[in-house]
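Before any comments, here is the structure.
Nothing fancy with the numbering, it's 1 onward along the sequence.
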Amino acid sequence: MIAPGQTYTSCDPRGGPTIRIEKYQRGDRYAHVVDATTGKYPRVILVSSLHATGTAAWGKPRRTGYRLVTEAAG
């Protein structure tokens with residue numbers, strides 16, 4: 001389940017940003033995120049781009065979207 005405070009990192013094998021969920025309400029199509037390290041660069045991303053693991057259903061590593069790194073505190 002997506003919640004504010006969670007940290008996600010890019011599934012792109014070339015690397016990419018690590019983001020933190022700032023605002024999300026259950027049922028929304030978009031989550032408001034910022035850069036996890038600096039807290040800058042606010043933007044919205046589709047919730048369908050957020051994944052619980054870096055492995056897809058067929059067992060291969062994901063190449064798109066973001067995978068969960070840390071749960072929200074509390």
By side-chain hydrogen bond (donor to acceptor under 3.5 Å, both in side chains), R14 pairs with (sequence neighbours left out) D12
Heavy-atom closest pair (S10 atom, G15 atom, distance to 0.1 Å) is OG-O, 4.1 Å
Those residues at least two apart in sequence (or on a different chain) that pass side-chain hydrogen bond (donor to acceptor under 3.5 Å, both in side chains) with T7 are T70
Table please: side-chain donor-acceptor pairs of residues 30-45 below 3.5 Å, with sequence neighbours left out.
residue: D35; atom: OD2; partner: T37; partner atom: N; Å: 3.1
residue: D35; atom: OD2; partner: T38; partner atom: N; Å: 2.9
residue: D35; atom: OD2; partner: T38; partner atom: OG1; Å: 3.0
residue: T38; atom: OG1; partner: K40; partner atom: N; Å: 3.1
residue: R43; atom: NH1; partner: Y41; partner atom: O; Å: 2.6

Residue set satisfying salt bridge (charged side-chain N to carboxylate O under 4.0 Å, His left out) with E71, at least two apart, ordered chain then number -> none
Side-chain atoms of residues 47-60: list all donor-acceptor pairs with protein atoms under 3.5 Å, sequence neighbours left out, distances to 0.1 Å.
residue: H51; atom: ND1; partner: R62; partner atom: NH1; Å: 3.4
residue: T53; atom: OG1; partner: T55; partner atom: N; Å: 3.3
residue: T53; atom: OG1; partner: T55; partner atom: O; Å: 3.0

So salt bridge (Lys or Arg N to Asp or Glu O under 4.0 Å) across residues 17-27, not counting sequence neighbours, yields R20-E22
Applying side chain to side chain contact (heavy atoms under 4.5 Å, CB included) to R63 and not counting sequence neighbours gives P13
Applied to residues 45-57, the salt bridge (Lys or Arg N to Asp or Glu O under 4.0 Å) test, sequence neighbours excluded, yields none
Contacts of Y8 meeting side-chain hydrogen bond (donor to acceptor under 3.5 Å, both in side chains) (sequence neighbours excluded), chain-then-number -> Q6
